[in-house]
Amino acid sequence: MGAMRKLAWGVLALCTACGGSRPAVKAEAGRGEGVGGSGKSEPVSHSTARRYVDEDLGFEIVRPTADWELDETNERTPEGLSIPVILRHNTSGAQVVLQVAPAVASPTQFAERLTEGLRQQPGFTTTDPAPIPLSEDAVGFDFQVGDTVLGRVAVREGRPGRVLMMLATWPAQASSDVTRSVDALIEGVRPLPGPGATQAMLPRGRWR
């Protein structure tokens with residue numbers, strides 16, 4: 001139950017940040033290419049797709065455009081929940097938090113519990129969890145916070161023993177292009193092949 005409370009907290013914290021419509025946080029020096037490594041902010045581009053790999057937690061992210069910046073948080077809880085990265089869209093204020101949870105429940109069960117929790121929060125409304133085409137077992141739902149914030153949750157299986165959850169929010173007045181970009185980023189989060197599979201890996205924290 002501690003892990004589930006942490007997951008719900010992630011949704012609430014993300015909504016609070018998005019509701020403020022703050023500009024994207026620029027990368028700190030020394031955290032990779034664009035987000036650490038060279039220490040320089042990456043030039044804005046609308047055509048470059050790049051890949052981020054975390055071998056330890058067993059996932060990769062392919063961002064749809066270089067408008068998305070990545071901050072590493074490296075947060076982990078005693079229950080085994082990890083919040084490795086937060087991705088921020090540098091023009092719209094949209095954000096996506098990735099959480100990696102131990103598979104103590106199925107993606108459907110995670111989504112159902114989150115939906116129940118959010119519906120108890122003032123100002124939150126949600127759709128019912130439903131299958132989404134990220135994978136065979138993936139489930140997702142949409143939510144709204146008042147008239148200011150829209151959000152989406154997607155839960156899918158990760159490597160054996162893990163579940164990947166994407167928590168996205170964006171300002172309600174954002175264009176449909178922003179929503180499509182959020183969806184494309186969510187689709188780009190996926191588990192890495194299992195041990196022994198042929199895979200070109202990069203050091204953690206670098207885009208290619």
Side-chain angles (χ1 to χ4, degrees), residues 7 9-29 31-54 59-75 82-100 114 118 124 126-127 132-134 138 140-156 164-190 204-208:
L7 288 169
W9 171 87
V11 176
L12 296 173
L14 182 58
C15 289
T16 300
C18 184
S21 298
R22 295 180 298 182
V25 175
K26 293 296 183 180
E28 298 176 10
R31 294 187 64 185
E33 180 185 341
V35 291
S38 69
K40 298 179 180 179
S41 297
E42 185 174 339
V44 174
S45 169
H46 296 277
S47 60
T48 303
R50 294 190 176 184
R51 180 167 164 263
Y52 173 91
V53 173
D54 188 321
F59 70 86
E60 68 175 1
I61 303 172
V62 179
R63 59 179 173 173
T65 71
D67 292 341
W68 288 95
E69 296 180 349
L70 181 148
D71 292 333
E72 290 180 330
T73 65
N74 297 316
E75 181 177 350
S82 298
I83 307 174
V85 295
I86 299 175
L87 295 117
R88 310 175 194 273
H89 193 253
N90 61 21
T91 56
S92 70
Q95 299 184 76
V96 177
V97 172
L98 171 63
Q99 299 187 358
V100 183
L114 270 175
L118 289 179
F124 276 77
T126 80
T127 62
I132 54 177
L134 295 182
F141 64 90
D142 294 341
F143 63 90
Q144 184 168 344
V145 189
D147 297 325
T148 59
V149 177
L150 302 179
R152 184 159 295 159
V153 173
V155 190
R156 62 170 298 167
L164 302 177
M165 173 174 287
M166 287 69 76
L167 312 170
T169 59
W170 59 94
Q173 71 272 20
S175 70
S176 58
D177 288 342
V178 173
T179 306
R180 286 192 290 269
S181 187
V182 169
D183 287 341
L185 184 64
I186 289 174
E187 291 172 5
V189 179
R190 52 204 179 206
R204 185 165 187 259
R206 290 189 180 274
W207 295 105
R208 181 177 64 186

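Residues passing the salt bridge (charged side-chain N to carboxylate O under 4.0 Å, His left out) test with Asp177 are Arg180, sequence neighbours excluded. Take Arg156 and apply the side chain to side chain contact (heavy atoms under 4.5 Å, CB included) test, not counting sequence neighbours, and it matches Leu134, Ser135, Ala138, Leu164, Met166, Arg190, Pro191. By the salt bridge (charged side-chain N to carboxylate O under 4.0 Å, His left out) test, Arg152 is found to be paired with Asp142, Asp183, residues two or more places apart in sequence or in another chain being considered. With sequence neighbours left out, Ser82 forms a side chain to side chain contact (heavy atoms under 4.5 Å, CB included) with Leu57, Arg76, Pro84, Val100.
Considering every non-hydrogen atom in both Pro171 and Ala94, the closest pair reads CD-N, 4.2 Å. Summarising the geometry of Val153 relative to Phe143, their closest heavy-atom pair is CG2-CE2, 3.8 Å, with the distance given to 0.1 Å. For Ala172 against Asp147, the heavy-atom pair with the smallest separation is CB-O, 3.5 Å.
Side-chain contact between Val182 and Trp68 is present, with at least one heavy-atom pair separated by less than 4.5 Å.
Here the CG-CZ distance, from Asp71 to Arg88, works out to 4.5 Å after rounding to the nearest 0.5 Å. The distance from atom CD of Gln144 to atom OG1 of Thr127, rounded to the nearest 0.5 Å, is 11.0 Å. Atom CZ of Arg63 and atom CG of Leu185 lie 9.5 Å apart (nearest 0.5 Å).
Only one option out of Val53, Ile186, Asp54, Leu87 pairs with Ile61 in a side chain to side chain contact (heavy atoms under 4.5 Å, CB included); it is Leu87.
Judged by distance alone, the side chain of Asn90 and the main-chain N or O of Asp67 form a donor-acceptor pair under 3.5 Å.
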